[in-house]
Amino acid sequence: MKASVYVLRCRDGTLYTGATTDLARRVAAHGRGKGAKYTRGRLPVALVAWWHPPTFSAAKSHEARFKQLTRSAKCATLRSGKAFGCRIYGKPERYS
């Protein structure tokens, strides 16, 4: 499986970031309320962006770095189409 960093938009408008090696399984788990404690109380969630670092270790590093950004910096990064040298996939209209 491919290492991925993903960004979810929660019902309350907040952004949640995670890293995984199975993006579809992880997003489905979040959607069923079986994901992180943070997202359980903020359902439904929608996948708005993801990118594929070269390794899972790099994905965890990207996740930590992205989480340190302010919301406006996160949105700007997502709109730019690049995160830490990786192409971002997703729906830019859902970032704000």
Side-chain angles (χ1 to χ4, degrees):
M1 289 291 180
K2 222 180 223 190
S4 304
V5 177
Y6 61 94
V7 180
L8 303 176
R9 187 171 195 277
C10 301
R11 177 188 68 217
D12 63 0
T14 58
L15 299 175
Y16 174 83
T17 306
T20 185
T21 56
D22 190 339
L23 184 58
R25 179 190 57 78
R26 190 69 178 130
V27 171
H30 280 290
R32 291 189 314 271
K34 302 291 184 187
K37 185 176 181 181
Y38 183 86
T39 59
R40 280 184 226 149
R42 292 170 170 84
L43 294 175
V45 295
L47 178 64
V48 295
W50 66 95
W51 63 92
H52 302 291
T55 65
F56 185 69
S57 177
K60 293 299 284 181
S61 175
H62 287 205
E63 174 191 13
R65 289 170 62 193
F66 192 79
K67 284 181 173 183
Q68 294 298 311
L69 299 175
T70 63
R71 182 183 175 88
S72 60
K74 288 176 185 178
C75 292
T77 298
L78 296 174
R79 282 191 301 274
S80 78
K82 288 272 187 185
F84 314 111
C86 298
R87 179 178 176 209
I88 296 174
Y89 302 91
K91 300 178 175 50
E93 68 276 7
R94 293 180 152 184
Y95 299 159
S96 51

note = By side chain to side chain contact (heavy atoms under 4.5 Å, CB included), Leu43 pairs with (sequence neighbours left out) Val45

task = Please name all residues satisfying side chain to side chain contact (heavy atoms under 4.5 Å, CB included) with Thr14, sequence neighbours left out, ordered by chain then number.
result =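 Side chain to side chain contact (heavy atoms under 4.5 Å, CB included) check on Thr14 returns Cys10, Asp12, Tyr38, Arg42.
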
Working to the nearest 0.5 Å, report the span between [atom1] of [X] and [atom2] of [Y].
| X | Y | atom1 | atom2 | answer |
| --- | --- | --- | --- | --- |
| Phe66 | Leu78 | CZ | CG | 4.0 Å |
| Gln68 | Thr17 | CD | OG1 | 11.0 Å |
| Thr77 | Arg65 | OG1 | CZ | 10.0 Å |
| Ile88 | Ser80 | CD1 | OG | 5.0 Å |

query = For Arg9 and Leu15, what are the C-alpha separation, side-chain angles and deciding distance, and is it a side chain to side chain contact (heavy atoms under 4.5 Å, CB included)?
reply = CA-CA 5 Å; Arg9 187 171 195 277; Leu15 299 175; 4.2 Å; yes

request  = Carefully, step by step, assess Thr55 and Ser57 under the rule side chain to side chain donor-acceptor pair (under 3.5 Å).
outcome  = CA-CA 5 Å; Thr55 65; Ser57 177; 4.8 Å; no

Atom NZ of Lys34: over 12 foreign heavy atoms under 6.0 Å = no

task = Establish, yes or no, whether the cationic atom of Lys2 lies under 6.0 Å from the six-membered ring centre of Phe56 and within 45° of the ring axis.
result =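 The answer is no; the distance or angle limit is not met.
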
query = Hey, mind stepping through Cys86 and His62 against side chain to side chain contact (heavy atoms under 4.5 Å, CB included) and telling me if it holds?
reply = CA-CA 10 Å; Cys86 298; His62 287 205; 3.7 Å; yes

query = For the residue pair Tyr89 and Trp50, does the interplanar ring angle fall in the parallel (under 30°), tilted (30 to 60°) or perpendicular (over 60°) class?
reply = parallel

Residues Thr20, Arg25; criterion side chain to side chain contact (heavy atoms under 4.5 Å, CB included); working and verdict = CA-CA 9 Å; Thr20 185; Arg25 179 190 57 78; 4.0 Å; yes

If I compare all heavy atoms of [X] with all of [Y], which pair ends up nearest, and what's the gap?
| X | Y | result |
| --- | --- | --- |
| Ser4 | Ala59 | O-CB, 4.1 Å |
| Ala36 | Tyr16 | CB-OH, 3.3 Å |
| Leu47 | Leu8 | CA-CD2, 3.8 Å |
| Tyr6 | Ala19 | CE2-N, 3.5 Å |
| Arg11 | Gly41 | NH2-O, 3.3 Å |

inquiry  = Is there a side chain to side chain contact (heavy atoms under 4.5 Å, CB included) between Phe84 and Val5? Walk through the geometry before answering.
reply    = CA-CA 11 Å; Phe84 314 111; Val5 177; over 6 Å; no

